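In what follows, every chain begins at residue 1, and chains take the letters A, B, ... in the order their sequences are listed. Fair warning: this is a prediction, and the values are worked out from it, not measured in the lab.
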Amino acid sequence: MPELPEVETVRRGLIPRLVGHRIVRLLQRRRDLRVPLPRNFAARVEGRTVQAIDRRAKYLLIRLDDGQTLIAHLGMSGRMVLHDAKSAAAQPLGRHDHVVIETDSGWQLRFNDARRFGLMLLVANEAVASHKLFKGLGPEPLDDSFDGPALAARLKGRRTPIKAALLDQRTLVGIGNIYACESLFLAGISPRRSAHTVQGERAERLVAALKEVLLRSIDDGGSTLRDHMQPDGELGYFQTRFKVYDREGAPCPTVTCSGTVRRVAQSGRSSFYCARCQR
DNA sequence: ACGCCCACCTGGAGGC
DNA sequence: TGCCTCCAGGTGGGCG
């Protein structure tokens with residue numbers, strides 16, 4: 001379930017259950033995720049207290065009190081499922097619960113990832129920014145400094161379609177297939193437009209759309225969280241209905257437009273858009 | 001350097 | 001029911 005808004009929502013849901021609490025047990029049930037889990041994982045984490053949980057791009061950064069960061073990425077299918085002691089006892093571990101963390105507050109966190117495209121690793125705080133995984137990452141879209149000119153500069157000279165550029169985490173971080181489609185729709189820009197032509201006012205519009213789509217989704221996630229009280233892993237994507245994503249054949253949601261949502265394949269992924277109001 | 005394709009892995013949906 | 005194919009929200013390595 002993880003693009004930036006989902007990861008951010010998971011982060012906010014984990015904070016009250018983990019921060020300030022000691023990890024009393026870590027159970028590693030299999031090592032072979034996208035990157036093999038750390039050696040001696042349990043020994044290196046047990047006894048540590050969680051000091052903070054940050055996010056960079058789609059990575060969760062769980063700061064431990066020994067100066068290490070537990071980095072987690074959810075891949076395509078990763079979930080963080082919290083159980084209180086009672087529900088943990090009632091719910092046996094599933095075959096995709098790869099890592100189980102128990103805290104001194106009695107809460108249990110299960111990292112579940114059917115496809116195993118996710119990862120967890122332990123890195124010293126000061127080495128996180130220069131870590132291979134973080135080296136080439138672009139700016140955070142919700143930072144105030146990320147504006148039209150900033151995006152335009154990063155698209156300059158790029159011959160790839162704008163959709164592909166948005167998915168490329170070197171351009172900016174946090175955008176996946178869904179929010180790329182939704183943002184381009186909101187900005188009225190075709191996913192097939194060459195990235196270098198998104199300049200000036202067009203880049204302004206796209207940045208505004210990206211921020212709006214992400215913020216609205218985080219809000220929706222927040223309200224879902226309040227309703228559920230915990231990131232139970234079943235939140236899914238927040239907008240029950242996307243405007244164009246997965247809506248092939250539906251009428252274009254723009255009231256004044258008589259177009260139809262189309263699906264095209266771009267670099268192996270589906271793009272959904274209205275060819276009439278997205279240019 | 002850049003852009004594109006594919007593989008990584010499992011499960012769900014839909015067709016026959 | 002079963003079997004087959006296609007598709008899925010991410011990423012990075014390898015290729016031309």
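Atom-to-atom, CZ of Arg34(A) to P of dT10(B) comes out at 16 Å; the value is rounded to the nearest Å. Summarising the geometry, the separation between CD on Glu3(A) and P on dG10(C) is reported as 5 Å, rounded to the nearest angstrom. Residue Leu33(A) contributes atom CG, which lies 15 Å from atom P of dT11(C) at whole-angstrom precision. For the pair Met120(A) CE and dG10(C) C1', the computed distance is 16 Å after rounding to whole Å. Remark: P of dT11(C) and CG of Leu4(A) are 11 Å apart, rounded to the nearest angstrom. Taking atom CD of Gln169(A) as the reference point, atom P of dG13(C) lies 15 Å away to the nearest angstrom. Between the NZ atom of Lys156(A) and the C1' atom of dA1(B) there is a distance of 17 Å, rounded to whole Å. Here the C1' atom of nucleotide dT10(B) and the CZ atom of Arg79(A) are 13 Å apart, to the nearest Å.
Counting only N and O atoms by type, the side chains of Gln108(A) and Arg110(A) include a donor and acceptor under 3.5 Å apart. For the residue pair His96(A) / Asn112(A), no side-chain donor-acceptor distance below 3.5 Å is found, with atom types taken as modelled. In this model, no donor atom of one side chain and acceptor atom of the other lie less than 3.5 Å apart for Arg154(A) and Thr171(A). Arg263(A) and Ser270(A) share a side-chain donor-acceptor pair at under 3.5 Å.
Between Ser267(A) and dG3(B), a side-chain N or O to OP1/OP2 separation shorter than 4.0 Å is absent. For dG3(B), the OP1/OP2 oxygens have a side-chain nitrogen or oxygen of Arg158(A) closer than 4.0 Å. For His96(A) and dT10(B), the shortest distance from a side-chain N or O to OP1 or OP2 is not below 4.0 Å. Between Ser77(A) and dG10(C) there is no side-chain N or O to OP1 or OP2 distance below 4.0 Å.
Ranking dC9(B), dA8(C), dG12(C) by closeness to the Arg116(A) side chain, first place goes to dC9(B). Side-chain atoms of Lys58(A) lie closest to dT11(C) of the nucleotides dA8(C), dG3(B), dT11(C).
The aromatic ring of Phe117(A) stacks onto the base of dC8(B), its centre lying under 5.5 Å from the centre of the six-membered base ring with the two planes under 30° apart.
If you check every strand for non-hydrogen atoms under 4.0 Å, Lys132(A) touches sugar and phosphate atoms only. At the heavy-atom level, Arg170(A) lies nowhere under 4.0 Å from the strands shown. Using a 4.0 Å heavy-atom cutoff across all strands shown, Gly176(A) reaches sugar-phosphate atoms only and no base atom. Residue Leu167(A) is classed as having no contact, given no heavy-atom separation below 4.0 Å to the nucleic acid.
In this model, a side-chain donor or acceptor of Arg269(A) finds a partner on the base of dG10(C) within 3.5 Å. The base of dA8(C) sits with one of its N or O atoms less than 3.5 Å from a complementary donor or acceptor on the side chain of Arg115(A).
For dT11(C), the paired base is dA7(B) (Watson-Crick or G-U wobble, both distances below 3.5 Å).
The aromatic rings of Tyr59(A) and His73(A) sit perpendicular to each other, their planes meeting at more than 60°, with 30° as the lower class boundary.
Salt bridge status for Arg55(A) with Glu140(A): present, with a side-chain N to carboxylate O gap under 4.0 Å.
To the nearest whole angstrom, the two P atoms, one in dG14(C) and one in dC9(B), are 16 Å apart.
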